[in-house]
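Every chain is numbered from 1, with letters handed out A, B, ... down the list of sequences.
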There are 2 protein chains.
Amino acid sequence: MGTTQLESVPEPKYWHLKTVLSEALDSEFSVGEILPNERDLAARFGVARATLRQALEQLELEGRLQRRRGVGTTVAPPRVGVAVGSEQDVWPGAAGDAWQPTDCTVAVPPTSVADILGTVHGEQAHTVRRSRVTHGQPVAAELLYIPASSVPDLSAIDAPSGAARARAVLRELQRLELEGQHRAVELGSARADDAKELDRLPGAPVLVVTTRFFAEGRTAAVSVATYRADTCRLTFGDSGGVEIHHDPERRAS
Amino acid sequence: MGTTQLESVPEPKYWHLKTVLSEALDSEFSVGEILPNERDLAARFGVARATLRQALEQLELEGRLQRRRGVGTTVAPPRVGVAVGSEQDVWPGAAGDAWQPTDCTVAVPPTSVADILGTVHGEQAHTVRRSRVTHGQPVAAELLYIPASSVPDLSAIDAPSGAARARAVLRELQRLELEGQHRAVELGSARADDAKELDRLPGAPVLVVTTRFFAEGRTAAVSVATYRADTCRLTFGDSGGVEIHHDPERRAS
DNA sequence: TAGTGGTCTAGACCACTAA
DNA sequence: TAGTGGTCTAGACCACTAC
């Protein structure tokens with residue numbers, strides 16, 4: 001250092017700010033620590049609060065910070081690895097899966113889901129709500145759409161809704177032989193209901209995992225799961241028998 | 001309670017705006033069409049430009065819009081499905097893979113990669129740059145880190161750098177027997193170099209896919225690929241022999 | 001050069017949390 | 001109630017693109 005940098009392409013202030021803050025997080029803060037409030041930070045760096053917020057938003061997107069209204073901004077722990085693709089294909093609700101069924105209703109799936117499901121638009125489907133919790137924190141909310149044709153023998157189930165019915169529907173689904181599954185991951189923003197369940201504000205960035213379950217030569221069910229993008233790292237696939245331990249360390253000093 | 005509940009939780013303006021715009025996109029615009037400019041749109045909806053921009057940012061994040069400085073805002077086509085997890089494990093550079101090697105240098109990997117690789121911090125590794133193009137558009141940029149121990153017989157290769165050397169290094173890597181691989185997906189923001197290659201601004205949201213390749217009982221290589229989050233839907237896994245055709249349709253009228 | 005989106009400012013008020 | 005982050009405004013200027 002010593003000489004001033006000439007900035008042939010001037011970097012935006014918020015970008016430079018993000019870099020500075022990121023380095024400060026590495027060297028001067030530890031996980032869980034509370035940062036100064038936004039007005040103070042902005043003053044300290046000599047920028048408007050909106051500019052400072054632009055930098056904080058990026059850092060939050062990258063999982064480095066956690067901001068809570070009325071509380072403050074804290075240094076986030078490293079993202080948790082969440083297993084999504086298991087080695088063998090299994091139906092939702094199979095023994096030992098990470099999901100907790102909370103409700104089951106009959107509803108018309110969104111057209112995008114109906115397209116994948118291959119059902120007629122406007123046709124109802126069993127809709128199971130499930131949530132996933134890791135280390136005491138909610139990480140994902142799921143809607144599972146099951147057309148009536150996939151669970152023909154539902155007359156024996158008396159619970160009209162709720163977790164009990166959800167479990168019963170899943171049990172019924174498992175009578176089919178699962179032939180395969182297919183997943184897609186994309187970026188989205190949390191709808192109001194999912195946001196509430198994930199303890200975030202509406203519009204928060206989420207990773208949307210859409211899973212198609214194949215049985216009897218067709219799509220027997222579709223799951224749309226939204227994971228908190230700030231706290232989650234989705235993990236897939238086999239490890240070839242080699243043990244995996246993601247680095248628990250990130251700090252330097 | 002007999003009275004109607006009028007906004008017990010008032011919706012933010014930008015959120016409502018986003019909903020209105022989203023519906024307008026479905027019904028009144030077609031893919032590629034140019035929207036009115038931000039100043040006009042803001043005036044039309046009676047909000048400040050910053051508020052309007054907040055709504056547009058969300059829609060862009062969801063892949064509904066595409067904004068280009070100096071040009072305008074256009075309606076984005078549906079996201080392209082990009083296959084990431086193939087059914088069988090293969091080494092990078094195997095026949096028929098979707099990547100184009102562009103360069104190969106020797107560099108010190110970032111500490112986060114070194115941790116996964118199990119190498120000493122500061123130790124150099126062969127670093128192969130590759131890019132992935134779909135439908136004429138760049139969708140991903142990758143850095144592949146290969147420790148020297150994974151490619152012992154590199155003396156016969158004369159090209160000091162460039163695409164030729166990259167191909168040679170990959171060819172050498174394929175002499176090892178691949179025992180498995182493991183992937184993780186998380187949200188990130190594009191570094192300056194990746195952003196340039198992806199034709200986006202720095203900080204643009206990307207899906208970061210980290211792949212560990214296992215051979216000889218250890219991690220033989222690590223790939224960090226960044227996919228454009230606005231245009232890509234990452235697809236994984238087997239389809240159970242059932243043909244997959246994602247809905248090409250989204251518009252109504 | 002005209003028009004676009006990108007950055008930045010200096011305020012204001014609101015919703016939420018915890019003491 | 002005091003303090004936090006979230007929303008919103010009405011400007012200004014800059015960087016880039018295409019004509």
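- Residue contacts for A/R68: at a heavy-atom cut-off of 4.0 Å it reaches the sugar-phosphate backbone alone, with no base atom in range.
- Comparing D/dT4, D/dC16, D/dT9 by their closest approach to the side chain of B/R69 singles out D/dC16.
- Rounded to whole angstrom, the span from the CH2 atom of B/W15 across to the C1' atom of C/dA15 amounts to 17 Å.
- In this structure, CG of A/L17 is placed 14 Å from C1' of C/dT9, rounded to the nearest angstrom.
- Taking only distance into account, the side chain of B/R49 meets the base of C/dG6 through a donor-acceptor pair shorter than 3.5 Å.
- B/S223 has its side chain out of reach of B/T210: every pair of non-hydrogen atoms, C-beta onward, lies at least 4.5 Å apart.
- Phosphate contact (OP1/OP2 of D/dT7, side-chain N/O of B/T51, threshold under 4.0 Å): absent.
- Pairing for C/dT4 goes to D/dA15, judged as Watson-Crick or G-U wobble with the two contacts each under 3.5 Å.
- Taking atom NE2 of A/H16 as the reference point, atom P of C/dG6 lies 22 Å away to the nearest angstrom.
- Per the geometry, CD belonging to B/Q54 stands 16 Å off C1' belonging to C/dG5, to the nearest Å.
- Looking at B/D97 and B/R130, a side-chain N of the basic residue comes within less than 4.0 Å of a carboxylate O on the acidic one, giving a salt bridge.
- Phosphate contact (OP1/OP2 of D/dG3, side-chain N/O of A/N37, threshold under 4.0 Å): absent.
- Comparing atom distances between the B/L201 side chain and each of C/dG6, C/dG5, C/dA10 picks out C/dG6 as nearest.
- Distance B/E38 CD to D/dC13 P: 19 Å, rounded to the nearest Å.
- The nearest whole Å value for the distance from the CZ atom in A/R67 to the C1' atom in C/dC16 is 15 Å.
- Contact of the B/V128 side chain with the B/Y145 side chain is not registered, since no non-hydrogen atoms from C-beta on lie closer than 4.5 Å.
- Between A/K18 and the choices A/R64, A/Q58, A/Q54, the side-chain contact (heavy atoms from CB on, under 4.5 Å) rule is met once, by A/Q58.
- If you take CD of B/E11 and C1' of C/dC14, they are 16 Å apart, rounded to a whole angstrom.
- For the OP1/OP2 pair of C/dT4 and a distance below 4.0 Å, the side-chain nitrogens and oxygens of B/T73 include no atom meeting the criterion.
- Nearest-nucleotide positions on DNA chain C place A/V47 closer to the 5' end than the other of A/V71 and A/V47.
- Between the side chain of B/R39 and the base of D/dG11, no donor-acceptor pair of N or O atoms lies under 3.5 Å.
- Ring geometry for B/F236 versus A/F236: interplanar angle under 30°, hence parallel rather than tilted (30 to 60°).
- Sequence order on DNA chain D of the closest nucleotides to A/G70 and B/L52 puts A/G70 first from the 5' end.
- At C/dT7, one or more side-chain N or O atoms of A/Y14 fall inside 4.0 Å of OP1 or OP2 (strictly under the cut-off).
- Between A/K13 atom NZ and D/dA15 atom P the separation is 13 Å, expressed in whole Å.
- With C/dC8, D/dT7, C/dG6 as the choices, the nucleotide that has an atom nearest any side-chain atom of A/R53 turns out to be D/dT7.
- No donor-acceptor pair closer than 3.5 Å links the side chain of A/D103 to the backbone N or O of A/A163.
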